[in-house]
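To start, the structure itself, in structure tokens.
Below, all heavy atoms of this structure are taken into account, side chains as well, without hydrogens, waters or symmetry copies.
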Amino acid sequence: MLCCLFSIPCEAKIHHRTFVIQEASYTRLCNNTKSILTVNGSYPGPTISARKGDTVYVKVINRGNKNITIHWHGVIQPRDPWSDGPEYITQCPIQPGANYTQRIQLTVEEGTLWWHAHSEFDRATVHGAIHIYPKLGTTFPFRKPHKEFTLILGEWWNRNITDVYQNALDNGGQFDLSDANTINGQPGDFMPCSSNETFKVQVEQGRTYLLRVINAAMENSFLFKVSGHNVTVVGTDASYTKPYVNEFIMITPGQTMDLLLRANQLQNSSSPSRYYIITDLYFDGSRNATRNNKTAVAILEYKTNHSAPSISPVFTSLPKSDDTNASDVFTRGLRSLANSDDPAVLTQTVDVKMYITLSTNEQLCPNSSCAGPNGTRFAASMNNASFLAPATKTDVLDAYYNSIDGVYTTDFPDQPPLFFDFANATDQGLNLKLVDKSTKVKVLEYNSTVEIVFQGTNLVDGQVTHPIHLHGHSFYLIGRGTGNFDNTTDPLSYNLVDPPFVNTLGVPKNGWATIRFRAANPGVWFMHCHYEQHIIWGMDVVFITKNGNSTEATMLPPPADKPPC
């Protein structure tokens with residue numbers, strides 16, 4: 001095509017992919033073989049590659065033994081919540097033997113995103129990468145790398161994932177900890193019976209490489225580094241950033257980061273030619289919110305004329321897992337590109353202000369027989385509203401589109417029921433420990449600008465950093481801090497010039513973070529903590545953005561093959 005030859009942008013392409021949900025046998029940690037749910041038999045699943053502006057149709061065929069949904073994490077999906085994927089929010093699940101074709105519209109995204117199951121505990125094994133390249137005729141805002149590698153950080157359970165989920169659901173307690181952390185599905189050299197399958201990356205001296213890092217873990221935030229090398233962050237959540245050089249990154253569940261790595265350590269024949277790629281737990285919680293803290297590694301190898309496998313890789317340490325200062329310094333260094341080619345479109349006026357508390361809570365249990373504190377059942381909430389998927393098994397989107405009563409209420413509060421010392425355990429907030437379940441949504445006018453202050457609380461011991469993800473939108477992270485948010489002084493520190501533009505943020509333990517976005521995507525959109533147990537416990541809410549006054553501002557009609565309940 002002449003337009004491509006002369007670097008003139010060509011028309012966007014349409015891609016077709018098939019995802020077959022199926023069981024497959026995998027072995028980890030000393031012959032512990034089990035059947036896991038996969039896409040096309042692979043773990044992690046297949047990568048979707050396309051360019052900005054393209055559309056990808058994915059036919060999801062369920063040949064597994066249970067219901068499933070798939071979410072395209074970070075894809076805006078303009079006017080089309082029908083393809084977004086969260087179970088009983090925007091669709092009923094795809095039942096065994098059925099199929100559903102979902103449309104992925106890549107409009108403003110460029111960089112790395114990912115896809116994953118959005119039902120029960122299935123995303124532990126059902127996940128994969130999305131690579132979004134610049135439009136033809138355009139290029140990266142940095143020198144094109146020699147090659148790229150995808151590094152998906154995750155967790156492995158020896159137990160059956162469905163059993164882990166069901167056991168916690170039945171007893172109301174904590175979810176079983178994973179048995180290993182992983183890089184591309186492999187625990188690496190430091191875990192039993194894992195050395196032979198350790199993931200390896202091969203590089204050449206002097207070349208620059210793009211590392212696409214995805215945190216697909218269910219419960220763990222991670223510190224990540226390449227021993228002996230710095231990395232340069234150039235993108236977060238498929239949005240470019242100002243180049244930011246650091247020894248390590250901190251990445252919460254749901255986040256993606258694009259890193260440039262310069263292979264500059266093989267100076268001569270006596271230089272080390274192998275280096276560990278390390279991911280370690282980042283965890284600022286108390287002993288009552290424990291996590292799997294096992295180190296996972298991959299190996300970076302330089303191409304040389306001699307055999308490398310006998311050479312022990314170089315290992316350099318990361319900050320301590322509870323080093324909140326190191327994590328905070330790294331996070332504050334992230335800035336959007338905000339230049340003439342990629343401006344930060346940040347609305348300076350705000351139409352809707354919300355103050356949302358994030359809490360771990362409790363529910364009463366008959367005869368105090370549950371495994372939570374003092375025989376209660378663990379719950380979680382936003383503004384003390386603990387979300388429950390519709391009991392009618394009609395998803396929220398269908399109920400909204402077809403005006404079905406009794407599925408949800410529109411009274412999600414803009415602020416908590418009580419203001420107190422959120423960051424510290426006090427008697428004043430004790431009556432908010434117990435919560436009731438409800439299906440409350442927040443309705444937004446089309447094109448309104450929304451600002452949300454998220455406030456971490458300490459109602460129940462065991463609070464942690466909360467990775468909050470918003471479907472259907474990216475947002476600007478304009479401020480964050482520790483302790484209780486001060487409405488007078490803290491807004492003075494907001495970054496309204498070049499804040500990072502992301503779809504997932506980590507709200508500091510017992511601290512706060514402020515986001516701003518424009519509700520210009522009509523439809524039904526889920527917002528939740530990306531720790532899976534917190535989603536299940538109820539740290540969720542649904543936003544309904546009303547239609548605008550034009551066809552281009554109106555939600556699309558449902559597809560003919562949407563799954564029935």
Please name all residues satisfying salt bridge (charged side-chain N to carboxylate O under 4.0 Å, His left out) with Glu362, sequence neighbours left out, ordered by chain then number.
-> none
Which residues pass the ring pair (Phe, Tyr, Trp, His ring centres under 6.0 Å) test with Tyr531, sequence neighbours left out?
-> His534
Does Trp157 have its ring centroid less than 6.0 Å away from the ring centroid of Phe121?
-> yes
Using the test side-chain contact (heavy atoms from CB on, under 4.5 Å), find all partners of Thr182 that sit at least two apart in sequence or belong to another chain.
-> Tyr43, Trp156, Pro187
Going by heavy atoms in the side chains, are Leu211 and Val226 under 4.5 Å from each other?
-> yes
Please test Arg212 against Leu210 for side chain to side chain contact (heavy atoms under 4.5 Å, CB included), starting from the C-alpha separation and ending with a verdict.
-> CA-CA 6 Å; Arg212 299 179 181 269; Leu210 176 63; 3.8 Å; yes
Sequence neighbours left out, what passes side-chain hydrogen bond (donor to acceptor under 3.5 Å, both in side chains) with Tyr355? Give chain and number order.
-> Gln455
Output yes when a side-chain donor or acceptor of Ser119 lies under 3.5 Å from a complementary backbone atom of Thr69, and no otherwise.
-> yes
Donor on one side chain, acceptor on other, His73 and Asn503, under 3.5 Å | yes
State whether the side chain of Trp525 and the backbone N or O of Asp84 hold a donor-acceptor pair below 3.5 Å, judged by distance alone.
-> no
Look up atom CG in Leu477 and atom CZ in Arg516, then write down how far apart they are to the nearest 0.5 Å.
-> 12.0 Å
Hits for side-chain hydrogen bond (donor to acceptor under 3.5 Å, both in side chains) against Thr545, two or more places apart or cross-chain, chain-then-number order -> none
Phe419 vs Phe422 aromatic rings, parallel, tilted or perpendicular, using cut-offs 30° and 60°?
-> perpendicular
Would you check if the distance from the ring center of His530 to the ring center of His528 is below 6.0 Å?
-> yes
Set of residues satisfying ring pair (Phe, Tyr, Trp, His ring centres under 6.0 Å) with respect to Phe501, sequence neighbours excluded | Tyr476
Is the side chain of Asn215 donor-acceptor paired with the backbone N or O of Ala217 at a distance under 3.5 Å, no angle test?
-> yes
Do the side chain of Asp322 and the main chain of Phe283 share a donor and acceptor less than 3.5 angstrom apart?
-> no
Close side-chain approach of Met250 to Thr465, heavy-atom, < 4.5 Å | no
Rounded to the nearest 0.5 Å, what separation is found between the NE2 atom of His469 and the CD atom of Gln255?
-> 11.0 Å
Can you spot which of Lys294, Glu155, Arg291 makes a side-chain hydrogen bond (donor to acceptor under 3.5 Å, both in side chains) with Ser178?
-> Glu155
Please identify each residue that fulfils side-chain hydrogen bond (donor to acceptor under 3.5 Å, both in side chains) with Tyr244, with sequence neighbours left out.
-> none
Please examine the side chains of Met382 and Met354, heavy atoms only from C-beta on, and report whether any two atoms are closer than 4.5 Å.
-> no
Note: Glu451 and Thr514 closest approach over all heavy atoms is CG-CG2, 3.7 Å
Mark yes or no for whether Ser403, through its side chain, and Ala399, through its backbone, hold a donor-acceptor pair below 3.5 Å.
-> no
Report the C-alpha separation of Ile356 and Leu358 in whole Å, then their side-chain angles, then the decisive distance to 0.1 Å, and conclude whether the side chain to side chain contact (heavy atoms under 4.5 Å, CB included) test is met.
-> CA-CA 7 Å; Ile356 297 180; Leu358 309 173; 4.2 Å; yes
Using the ring of each side chain (for Trp, its six-membered ring), is His116 parallel, tilted or perpendicular to Trp114, with breaks at 30° and 60°?
-> tilted
Are Tyr240 and Phe140 side-chain neighbours, meaning at least one heavy-atom pair lies under 4.5 Å?
-> yes
Can you tell me if Lys433 uses its side chain to pair, donor with acceptor, with the backbone of Asn361 under 3.5 Å?
-> no
Do the ring planes of Phe175 and Trp537 sit parallel (below 30°), tilted (30 to 60°) or perpendicular (above 60°)?
-> tilted
Atom pair CG (Asp395) and OH (Tyr401), whose distance is rounded to the nearest 0.5 Å = 13.0 Å
Decide whether Asn510 and Asn424 meet the rule of one side-chain donor and one side-chain acceptor closer than 3.5 Å.
-> no
Side chains of Val502 and Phe475: closer than 4.5 Å at any heavy-atom pair?
-> yes
Evaluate whether atom CG of Asn547 has more than 12 neighbouring non-hydrogen atoms of other residues, nucleotides or ligands under 6.0 angstrom away.
-> yes
Decide whether Ser386 and Lys437 meet the rule of one side-chain donor and one side-chain acceptor closer than 3.5 Å.
-> yes
Is any side-chain heavy atom of Asn384 less than 4.5 Å from a side-chain heavy atom of Pro416?
-> no
Glu219: what forms a salt bridge (charged side-chain N to carboxylate O under 4.0 Å, His left out) with it, not counting sequence neighbours?
-> none
Distance, nearest 0.5 Å, that separates CD of Glu110 from CG of Asp258 | 10.0 Å
Whether Arg518 side chain and Asn447 backbone form a donor-acceptor pair below 3.5 Å | no
Any donor-acceptor pair under 3.5 Å linking the side chain of Thr90 with the backbone of Gly85?
-> yes
Pairs flagged by salt bridge (charged side-chain N to carboxylate O under 4.0 Å, His left out) wherever residues 530-552 is involved - sequence neighbours left out = Arg123-Glu532, Glu445-Lys546
Are more than 12 heavy atoms from other residues, nucleotides or ligands located less than 6.0 Å from atom NZ of Lys353?
-> no
How many angstroms lie between OG1 in Thr112 and CD1 in Ile132, if you round to the nearest 0.5 Å?
-> 8.0 Å
Partners passing ring pair (Phe, Tyr, Trp, His ring centres under 6.0 Å) against Phe387 (at least two apart in sequence or in another chain) | Phe526
Just how far is it from atom CG of Leu432 to atom OG1 of Thr457, taken to the nearest 0.5 Å?
-> 9.0 Å
Are any non-hydrogen side-chain atoms of Trp82 and Pro557 less than 4.5 angstrom apart?
-> no
From CA spacing to verdict: side chain to side chain contact (heavy atoms under 4.5 Å, CB included), His118, Glu87 | CA-CA 6 Å; His118 214 304; Glu87 183 179 38; 5.8 Å; no
With a 6.0 Å cut-off on ring centres, are Phe224 and Phe222 close enough?
-> no
Look only at the side chain of Asn402 and the backbone of Asp398, and say whether a donor-acceptor pair between them is shorter than 3.5 Å.
-> yes
Could you pull out all residues at least two apart from Tyr88 that satisfy ring pair (Phe, Tyr, Trp, His ring centres under 6.0 Å)?
-> none
Would you check if Leu397 and Met555 make a side-chain contact, meaning some heavy-atom pair closer than 4.5 Å?
-> yes
For Asp176, check side-chain hydrogen bond (donor to acceptor under 3.5 Å, both in side chains) against everything at least two apart and list the hits.
-> Arg159
Do the side chain of Gln91 and the main chain of Ile89 share a donor and acceptor less than 3.5 angstrom apart?
-> no
Let me know which of Asn293, Asn292, Asp280 forms a side-chain hydrogen bond (donor to acceptor under 3.5 Å, both in side chains) with Asn181.
-> Asn292
